Asks: 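Here you go, one structure.
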Amino acid sequence: MTCTSASLLIGVIGGSGLYHLDNLTTIKTVNPETPWGYPSSPITICALPSGTRVAFVARHGKHHNISPSAVPSRANVAALKHLGVRAILAFSAVGSLREEIVPGHFALPTQIIDRTKGVRPASFFEGTSIVAHAAFGEPFSMRLVKWLEGAVARALEEEGRGVVLHRDKCIVCMEGPQFSTRAESVMYRAWGGDLINMSVLPEAKLAREAELGYALIATATDYDSWRPHSEVVTASQVMQTLQANANTSRHLAAAILEDLHASAQGDLFSEERGSMAFSIMPRSVDPKEEDIEKLAYILPEYFKPAN
Ligand SMILES: CSC[C@H]1O[C@H](OP(=O)(O)O)[C@H](O)[C@@H]1O
Ligand SMILES: Nc1ncnc2[nH]cnc12
């Protein structure tokens with residue numbers, strides 16, 4: 001099922017605590033089987049008051065039954081792209097590695113440090129006869145991030161609950177599911193990390209391979225484990241902030257998605273489109289037809305099945 005690109009341009013991935021956008025109108029639910037399996041949850045197509053549609057997927061499932069290492073990120077990103085989405089706005093509950101990023105604050109990261117352990121499939125090309133090297137020096141879509149810096153700050157101010165937005169932060173993505181040790185937490189700060197989660201990778205890499213815009217709205221829930229005289233982070237500590245952050249995230253989505261959809265019709269995501277053209281390596285042998293068919297699901301511009 002493919003929506004027309006004019007009707008559905010933005011996909012939202014909800015993280016811990018954000019399992020639905022029930023402040024928007026649900027139009028329908030779809031559950032497409034992609035060449036990489038089924039998404040984490042059925043995808044809800046929601047409408048804004050104007051009728052503009054967005055697609056929503058719950059990263060850990062609607063009942064939070066998928067652990068961070070097992071999230072089917074390839075299926076999530078592929079399904080969104082196939083539905084007509086051009087950019088993903090991802091939400092994530094994160095630990096703060098900086099005193100000034102107080103639990104309850106929001107942040108827009110611009111860089112990532114990868115501390116995942118190679119157990120998550122991180123490329124659509126993995127296991128195929130085709131090799132591709134996507135550029136990832138700027139792991140987020142900077143035009144989108146800049147756009148969000150203004151729009152999110154305005155929406156948070158309008159909400160009036162004093163949620164502060166931090167810009168230009170570096171997020172560490174760890175494997176989990178256990179939280180970091182105190183020594184690791186201190187080390188990440190020394191490396192320049194400001195935030196920590198278990199989810200931004202491989203999601204951001206896969207969005208890049210699928211030529212989708214991608215930005216993360218990081219919602220701080222805790223101070224991780226670096227503060228010498230404070231308790232280390234626990235799941236129950238995270239839970240305390242999760243609900244308030246999710247409510248703010250839902251408000252934010254309702255406040256900015258209309259304008260984001262309108263901007264998406266312009267050149268906001270022009271950097272991503274066509275970006276894989278020079279990333280796919282010239283081939284010495286013919287690629288397998290089954291691989292072409294698989295990759296055509298996300299990149300029909302480059303992969304055209306024989307029939
Ligand atoms: C519930 S604490 C750890 C868990 O929360 C974050 O999930 P998400 O990014 O989907 O909001 C973090 O990345 C971990 O997966
Ligand atoms: N401290 C933390 N470490 C990793 N992921 C998190 N998600 C929320 N808090 C976190």
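Just follow the structure's listing: the first ligand is 1, and inside any ligand the first atom is 1. Just so you know, these numbers come straight off a predicted model, no measurement behind them.
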Asks: Do Ser73 and Glu203 have side-chain atoms, one donor and one acceptor, less than 3.5 Å apart?
Replies: no

Asks: Look only at the side chain of Arg59 and the backbone of Ser92, and say whether a donor-acceptor pair between them is shorter than 3.5 Å.
Replies: no

Asks: Check Glu159 with Arg161, please: is the shortest side-chain N to carboxylate O separation under 4.0 Å?
Replies: yes

Asks: Number the atoms of ligand 2 from 1 as they appear, then name those within less than 4.0 Å of a heavy atom of Met174, with their elements.
Replies: 4 (C)

Asks: Measure up the Tyr214 and Phe140 rings against each other and bin them: parallel (under 30°), tilted (30 to 60°), perpendicular (over 60°).
Replies: parallel

Asks: State plainly whether the residues Arg120 and Glu175 are in salt-bridge range, i.e. N to O under 4.0 Å.
Replies: yes

Asks: How far is atom 7 (O) of ligand 1 from its nearest protein heavy atom, and which residue and atom name does that atom have?
Replies: Ser16 OG, 2.9 Å

Asks: Please state which protein non-hydrogen atom is closest to atom 6 (C) of ligand 1 and give its distance, to 0.1 Å?
Replies: Ala93 O, 3.3 Å

Asks: Can you tell me which residue and heavy atom of the protein come closest to atom 10 (C) of ligand 2, and the distance to 0.1 Å?
Replies: Gly95 N, 3.4 Å

Asks: How does Ile196 reach ligand 2, if at all, at less than 4.0 Å between non-hydrogen atoms: by side chain, backbone, both, or neither?
Replies: both

Asks: Near Ser199, which atoms of ligand 1 are under 4.0 Å from a heavy atom of that residue?
Replies: 7 (O), 8 (P), 9 (O), 10 (O), 12 (C), 13 (O), 15 (O)

Asks: Just need the protein heavy atom nearest to atom 7 (N) of ligand 2, so name the residue and atom and give the distance.
Replies: Ala93 O, 3.0 Å

Asks: Go through the steps for Glu149 and Lys146 under the test salt bridge (Lys or Arg N to Asp or Glu O under 4.0 Å), then give the verdict.
Replies: CA-CA 5 Å; Glu149 284 179 359; Lys146 290 287 159 212; 3.4 Å; yes

Asks: Does a salt bridge link Lys205 with Asp114, judged by any charged N lying under 4.0 Å from a carboxylate O?
Replies: yes

Asks: As a check for students: among Met239, Met174, His60, His64, identify the option with a heavy atom nearest to atom 10 (O) of ligand 1.
Replies: His60

Asks: Just jot down the ligand 1 atoms closer than 4.0 angstrom to any heavy atom of Pro68, in number order.
Replies: 15 (O)

Asks: Of all the atoms in ligand 2, which lie at a distance below 4.0 Å from a heavy atom belonging to Asn197?
Replies: 4 (C), 5 (N)

Asks: Cut-off 3.5 Å, side chains only: do Ser180 and Arg115 have a donor facing an acceptor?
Replies: no

Asks: Donor-acceptor pair, Tyr297 side chain versus His82 backbone, under 3.5 Å?
Replies: no

Asks: Any atoms of ligand 2 less than 4.0 Å from a non-hydrogen atom of Thr221? List them with their elements.
Replies: 8 (C), 9 (N)

Asks: Which of the numbered atoms in ligand 2 are below 4.0 angstrom from a heavy atom of Asp224?
Replies: 1 (N), 2 (C), 3 (N)

Asks: Considering distance alone, does some N or O of Met198 sit under 3.5 Å from an N or O of ligand 1?
Replies: yes

Asks: Which of the numbered atoms in ligand 1 are below 4.0 angstrom from a heavy atom of Arg59?
Replies: 8 (P), 9 (O), 10 (O), 11 (O)

Asks: So which protein heavy atom does atom 9 (N) of ligand 2 come closest to, and at what separation?
Replies: Asp222 OD1, 2.7 Å

Asks: Below 4.0 angstrom from a heavy atom of Gly15, which ligand 1 atoms are there? Numbered from 1 as shown, please.
Replies: 8 (P), 10 (O), 11 (O)

Asks: Strictly under 6.0 Å, is that where the ring centroids of Tyr19 and His64 end up?
Replies: yes

Asks: Ser92 heavy atoms, cut-off 4.0 Å: which ligand 1 atoms fall inside?
Replies: 8 (P), 9 (O), 11 (O)

Asks: Ignoring hydrogens and geometry beyond distance, is a side-chain donor-acceptor pair present between Ser50 and Thr52 at under 3.5 Å?
Replies: yes

Asks: Measuring from atom 2 (S) of ligand 1, which candidate in Thr234, Val71, Val238 has the nearest non-hydrogen atom?
Replies: Val238

